[in-house]
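Let me begin by presenting the structure, written as structure tokens, before commenting on it.
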Amino acid sequence: MKKLFFFFVCCSLLGCQPNSKNEIANSINVSFSDAVSVDSKDGRLLLMFSTNGEKEPRFQINDGPSTQLIFGKNVDGMAAGKSTTFTNEIFGYPYPSLSEIPPGEYNVQALLHIYETFNLSTGHTVKLPMDNGEGQKWNRSPGNIYSKPFKITVTEEGIQNLNVVMDQVIPPIEEPKDSEWIKHIKVKSEKLSEFWGRDIYLGAHVLLPKGFNEHTEAKYPLMVFHGHFPSDFGGFRTTPPDPEMKPEYSARFDLEGYNVIQQQEAYDFYKRWNAPDFPRMLIIEIQHPTPYYDDSYAVNSASQGPYGDAITYELIPEIERQFRGIGEGWSRFLYGGSTGGWEALAVQVKYPEEYNGCFAACPDPIDFRAYCLTNIYEDKNAYYYDSNHKKLEVPSHRDYLGNIQSTLRSGNHLELVLGDKSRSGQQWDIWEATYSPQGEDGYPVRIWDKMTGDIDHKVADYWKENYDLRYILERDWDKVGENLKGKINIYCGDMDNYYLNNAVYLMEDFLEGTTNPHYDGEVLYGDRAEHCWNGDPEQPNAISRLRYNSMYVPKIMKRIAESAPKGADLTSWRYK
């Protein structure tokens, strides 16, 4: 007892340090100025720290080794001048608590990702971030408010009574302008507007063929390029590369002057597009962002609404009406990579008679037994391999040699910081928002516990019946096989960074075993090719990814020749 008393006396005289980082009291107050808004705001309040001063912290948050620090919490009715406090209990990434931040000098920044209220036709009321023309990006969405970064020093005592005031607003994005070759269209979707309880528009960038204005008698086949939100039609340029442009290095492809290569490829496509023997077609890139992601995945879903029907039965017919499309299923073709690869295949499967072929490159998981490296039907936990004695995390990203950059747990925890209830706007959450049933609260039901990774197999069963493309094809082949014969083409690198090739192997096993009819398409792999190999064995990813708009055209023309119905228009669009 005397020894214990002596210890406390010494502590009081000398000043004992906390024996645990969790005992450090951190207190950071965040508010916004009435100069940016006098209205109260709902949303996700994000607090960021960075040791790298090259960019603002909001542009340095990612799932790789270079990420900086972020913490997030919901706010409801946050008023101008009223502070919201971040303490150790607020979850963060990659450090789960403010108390874990190492001492040092940091740039600090706050941002409010604003939520709006939606009264859904399902009877639910939800709060979600509306896309504002940026393609659902929290760090650059117009209307979001943020603070300019400033430096602070984190000491052994932590961060106490720091005030961060958000006094900046992200400005609106200018709409792309029509040109001789590229037109832009927006269509109000009655189906989606009814679901969301407000006007919802679908958009598209339309590339016109040579001679469109002169050949008014012509009607054209349609190529639908699926993928992430396009700000404008990409990969098309009417002039050679800018001679004044400074060449830039691409770390992804280890190429000097990749920006020059991109412009040259875009110009080369323009020349091919105008060549005498190039078929005259329409190409469209669709804009269909949702409050959950930069695009809808182009299918109907419980929490996002009937995007598949809206695109196929509202947007595409209107485009064909305005720009003289043939407007029949045999004349429409789908292609894309990654998200766009999944969409191309899913739309073909869901609407087998409305399209005449898909070219799906590096598709997102098309068999949920290989949901990247997780079997959602048999595995108990998504984050860790099954083991009695060894805790080994499941990877989520590798390079072509197998070096790991991230894990499934890490990426999901980042999403949990960016937004709960599948509201992060990131990859795992949009799969959940697309594939899951709608919960009692109006938000998607989790496929697994976001913190622990424990899988909900009832939700997995729902995914299987509605969105597991391999399972759906196998289940329904006797009904849809004849309408899909010759229409399914899949391409993937065997060292895809996200392990997407594993699901393609399973799909190939099924397709190659089909009878009455045989699927009569192709599945090809790129040797040691990373994400997103798209079927060109001669060129590296860095080049072939820039040639989507022309590389499948010979296959499309072959398909038309083999499958167009008797009396189909095969001539009006084949002018020189």
Side-chain angles (χ1 to χ4, degrees), residues 40-46 71-78 84 89-93 112-132 136 138 141 144 191-200 288-297 299-308 310 368 371 376 381-383 411-467:
S40 60
K41 304 291 184 184
D42 301 331
R44 188 72 173 181
L45 186 59
L46 302 168
F71 299 81
K73 63 183 299 186
N74 292 335
V75 291
D76 292 303
M78 185 177 180
T84 297
E89 289 71 34
I90 304 302
F91 188 60
Y93 168 89
L112 179 61
H113 191 25
I114 295 172
Y115 291 170
E116 297 183 24
T117 298
F118 296 82
N119 296 306
L120 306 181
S121 63
T122 60
H124 300 96
T125 298
V126 294
K127 294 183 179 182
L128 294 164
M130 188 69 176
D131 179 77
N132 293 298
Q136 202 50 260
W138 62 269
S141 181
N144 281 354
K191 297 177 185 295
L192 293 172
S193 298
E194 180 182 358
F195 177 84
W196 287 101
R198 64 169 68 186
D199 290 350
I200 299 292
H288 47 117
T290 86
Y292 287 101
Y293 199 52
D294 67 6
D295 81 12
S296 68
Y297 271 69
V299 292
N300 299 343
S301 73
S303 294
Q304 297 193 106
Y307 273 91
F368 296 154
Y371 185 57
I376 65 170
N381 189 282
Y383 297 169
N412 276 264
H413 281 188
L414 170 57
E415 292 190 359
L416 191 55
V417 171
L418 291 174
D420 61 354
K421 299 183 182 295
S422 307
R423 293 183 289 192
S424 71
Q426 304 297 301
Q427 187 61 76
W428 300 98
D429 275 354
I430 182 53
W431 285 336
E432 201 167 64
T434 303
Y435 307 148
S436 284
Q438 190 177 44
E440 293 182 1
D441 59 358
Y443 299 98
V445 181
R446 292 289 197 194
I447 181 65
W448 57 62
D449 184 295
K450 201 73 167 176
M451 185 64 72
T452 67
D454 291 336
I455 297 172
D456 185 333
H457 291 103
K458 289 183 179 179
V459 177
D461 288 340
Y462 181 93
W463 285 29
K464 181 179 183 178
E465 294 295 329
N466 293 279
Y467 301 101

### Message
Under 4.0 Å between a side-chain nitrogen and a carboxylate oxygen: does that hold for K450 and D429?
### Response
yes

### Message
Within the 3.5 Å criterion, strictly below it, is a donor on T290 or Q136 matched to an acceptor on the partner's side chain?
### Response
no

### Query
Would you call the rings of Y297 and Y435 parallel, tilted or perpendicular if under 30° counts as parallel and over 60° as perpendicular?
perpendicular

Main-chain N/O of [Y] paired to [X] side chain as donor or acceptor, under 3.5 Å:
X    : Y    : answer
H113 : L45  : no
D295 : Y293 : no
S301 : Q304 : yes
Y443 : K127 : yes
R44  : V417 : yes
S424 : L416 : no

### Query
Which residues pass the salt bridge (Lys or Arg N to Asp or Glu O under 4.0 Å) test with D131, sequence neighbours left out?
none

### Message
Can you list everything that forms a salt bridge (Lys or Arg N to Asp or Glu O under 4.0 Å) with K73? Sequence neighbours excluded, please.
### Response
none

### Query
For E116, does the CD atom have more than 12 heavy-atom neighbours from other residues, nucleotides or ligands under 6.0 Å away?
yes

#### Entry: With T452 via side-chain contact (heavy atoms from CB on, under 4.5 Å) - residues at least two apart
D449, D454

## Note on the structure
Residues at least two apart in sequence or cross-chain that pass side-chain contact (heavy atoms from CB on, under 4.5 Å) with T125, listed by chain then number, are T117, N119

Sequence neighbours excluded and cut-off under 3.5 Å, please list the side-chain donor-acceptor pairs for residues 458-465, or say none.
| unit_1 | atom_1 | unit_2 | atom_2 | d |
| --- | --- | --- | --- | --- |
| W463 | NE1 | S436 | OG | 3.0 |
| E465 | OE1 | R475 | NH1 | 2.9 |
| E465 | OE2 | Y471 | OH | 2.9 |

### Task
Identify, with sequence neighbours excluded, every residue that meets ring-ring contact (aromatic ring centres under 6.0 Å, His included) alongside Y115.
none

